[in-house]
Chemist: 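Sharing a structure, written as structure tokens. Questions coming.
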2 protein chains.
Amino acid sequence: MGEIRQDMVRNNLLRLMSADSFGRLRGDLEWVELPRAFELSRPNEACPYAYFPEAGIASIVAKSPEGQQTEIGVIGRDGMTPASLVLDAGHDPYSIFMQVQGEAYRIPYASLQALIHEDRDLHGLLARYAQALAVQSAYTALSNAVHHIDERLARWILMCHDRSDGNEISLTHEFLSIMLAVRRPSVTTALHMLEGKKLIYSERGVIIVRDRAALEAFAHDVYGECEKEYERLIGTRP
Amino acid sequence: MGEIRQDMVRNNLLRLMSADSFGRLRGDLEWVELPRAFELSRPNEACPYAYFPEAGIASIVAKSPEGQQTEIGVIGRDGMTPASLVLDAGHDPYSIFMQVQGEAYRIPYASLQALIHEDRDLHGLLARYAQALAVQSAYTALSNAVHHIDERLARWILMCHDRSDGNEISLTHEFLSIMLAVRRPSVTTALHMLEGKKLIYSERGVIIVRDRAALEAFAHDVYGECEKEYERLIGTRP
DNA sequence: CTGTTTATGTCTGATACCGTACCGACTTGT
DNA sequence: ACAAGTCGGTACGGTATCAGACATAAACAG
């Protein structure tokens, strides 16, 4: 098997780290498929691997004691999981799982931990990513507090679109309703609203982005801040 | 002027760091008063000092382009500001300001930054605090999405109570309504509801915690998770 | 083709919360 | 003591969203 070439990977963090850093990681990286619902990390448990997604979308979900839950972050090939690795936390209270199937390079948790202790640049990059993710969850909090369902839905579609290859996003209303912590029929009506404005097209199990620019305009108050912050901290994606 | 003694400080992070770490910080620490509304950090600007509050409560607030805002984190003597310092972020998009006046030790941003680069233990402690704060904002997002105003208010009072000395918290309904991103009259009615259950007592400009245990019981689904996580990551407060 | 599952669309009534306005009560300054 | 400002209580109509149930429709499995 040939060695993994840095200029062939699609994960943004793997691309942006120095060639030296990548060189040290390379030997421990392993390619894996990530089917839908695959768990990348379980709440309050040490997780054996860190993942650098190459394709697909993962959700970070927080849960209350009574079982209410909502998504607080989205990870695609812009990031890695679990971000708490760089924060010395051991584990975190979230559930992280695949929402749109994909693939990733993974590396044993302890290996990556050891590497970042000796590589200040790499540590810095992942720390800045952790900050970008924290900002994402902060703006999710804001959005949950003040915005309407259709705007939050638009934000969510845009965030997934950013992390997808084409314009199609495969998932059900049921699933979306859990992510946004709203009723399933509310998702249906909100999608109809966006469809009525010709921003998206929606079929059984699929949402298709039809007019990205207009979608951004519609969501201008709810989408964009944390994306700007990501660019400042990490740099533009390919 | 005598040197600051570590066993006399009240800030939890300053107390919990090693004597060596504290020794290196000590020379740069400076005591300051923090009046209400004092800005500890401004959005998207480098901030000159890091603060370790000894008393009082600061809020981290995120704002949307149209000016909608909500609190995404609370900092008292359990923490420091800005937490993004340890994440190499330079600055962050939030506004951080005093909500209940107090005091703090402050240290030039660059000094602390330099110190944590050479002190792995100190870096680890502050990184874990950054994680604790991120968890706080994640649970705020959850709470904003699924809980009712009276529960969110109860959570908020508990979080402030944790960071206060007595049972009194001084602030106006107006202010609270901004923190929770609700109407001011909604705060009034929610407070009446908690008062009716004998959990608190409320006067012009003051909220008094009357029955902490019952308040926790009332807020059981909304308060507690991130507090547990703080204890795991940082350790019990004095 | 048929029955079963899964996903979506729709309805009805309830309710939590909003926007706005207004008024009284307390606080402060002169 | 009086005016001016601040803060809190209340009311009214409007609406976004909920809770739950039910009906269709597409996909799937035999």
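So you know, we letter chains A, B, ... as the sequences are listed, proteins then strands, and number each from 1. Note that these values count all heavy atoms, side chains included, but never hydrogens, waters or copies made by symmetry. None of these values were measured; they are calculated from a predicted model.
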Chemist: Taking all heavy atoms of B/Phe218 and all of B/Ala154, pick out the closest pair and write down the distance.
Modeler: CD2-CB, 3.8 Å

Chemist: Is the phosphate of D/dC18, meaning OP1 or OP2, less than 4.0 Å from a side-chain N or O of A/Ser186?
Modeler: yes

Chemist: Rounded to whole Å, please give me the gap between CG in A/Leu194 and C1' in C/dT8.
Modeler: 16 Å

Chemist: Between A/Asn12 and A/Tyr230, is any side-chain donor less than 3.5 angstrom from a side-chain acceptor?
Modeler: yes

Chemist: Can you tell me how far C1' of D/dC18 sits from NE2 of B/His147, to the nearest Å?
Modeler: 15 Å

Chemist: Is the NZ or CZ atom of A/Arg106 positioned over A/Tyr49's six-membered ring, under 6.0 angstrom from the centre and within 45° of the axis?
Modeler: yes

Chemist: Can you check each nucleotide of nucleotides 1-12 of chain D against protein heavy atoms at under 4.0 Å and return B for base, S for sugar-phosphate only, - for none, in 5' to 3' order?
Modeler: -----BBBBBB-

Chemist: Please step through side-chain contact (heavy atoms from CB on, under 4.5 Å) for the pair B/Leu40 and B/Ile75, ending with a clear verdict.
Modeler: CA-CA 11 Å; B/Leu40 304 174; B/Ile75 298 170; over 6 Å; no

Chemist: I need the CG-P distance between B/Leu153 and C/dA16, as an integer number of Å.
Modeler: 16 Å

Chemist: Take atom CG of B/Asp150 and atom C1' of C/dA16, then tell me their distance rounded to the nearest Å.
Modeler: 10 Å

Chemist: Less than 3.5 Å apart, any donor N or O on the side chain of A/Ser170 or A/Arg36 sitting next to an acceptor on the other?
Modeler: no

Chemist: Quick test of your reading: applying side-chain hydrogen bond (donor to acceptor under 3.5 Å, both in side chains), list the pairs with at least one residue in residues 130-139 of chain B, sequence neighbours left out, ordered by first then second residue.
Modeler: A/Ser137-B/Ser137

Chemist: Does A/Asp78 pair with A/Arg10 as a salt bridge, N-O distance under 4.0 Å?
Modeler: no

Chemist: Atom CG of B/Leu176 and atom C1' of C/dC17: how far apart are they, to the nearest Å?
Modeler: 17 Å

Chemist: Should the pair B/Arg212-B/Glu216 be classified as a salt bridge under the 4.0 Å nitrogen-to-oxygen rule?
Modeler: yes

Chemist: Indicate whether any N or O donor in one side chain lies under 3.5 Å from an N or O acceptor in the other, for A/Trp31 and A/Glu54.
Modeler: no

Chemist: Just how far, in rounded Å, is P of D/dC18 from CG of A/Asn144?
Modeler: 12 Å

Chemist: Between A/Leu180 (CG) and D/dC18 (P), how many Å, whole number?
Modeler: 10 Å

Chemist: Could you list the residues that satisfy salt bridge (Lys or Arg N to Asp or Glu O under 4.0 Å) with B/Asp211, not counting sequence neighbours?
Modeler: none

Chemist: What side-chain donor-acceptor pairs closer than 3.5 Å can you find for residues 195-210 of chain B, not counting sequence neighbours?
Modeler:
from, atom 1, to, atom 2, distance (Å)
B/Glu195, OE2, B/Ser202, N, 3.2

Chemist: Measure the angle between the two terminal helix axes of the helix from C/dC1-D/dG30 to C/dT30-D/dA1, five base pairs each, and quote it to 10°.
Modeler: 40°

Chemist: Which residues in residues 62-69 of chain A have at least one heavy atom lying under 4.0 Å from any atom of DNA chain C?
Modeler: none

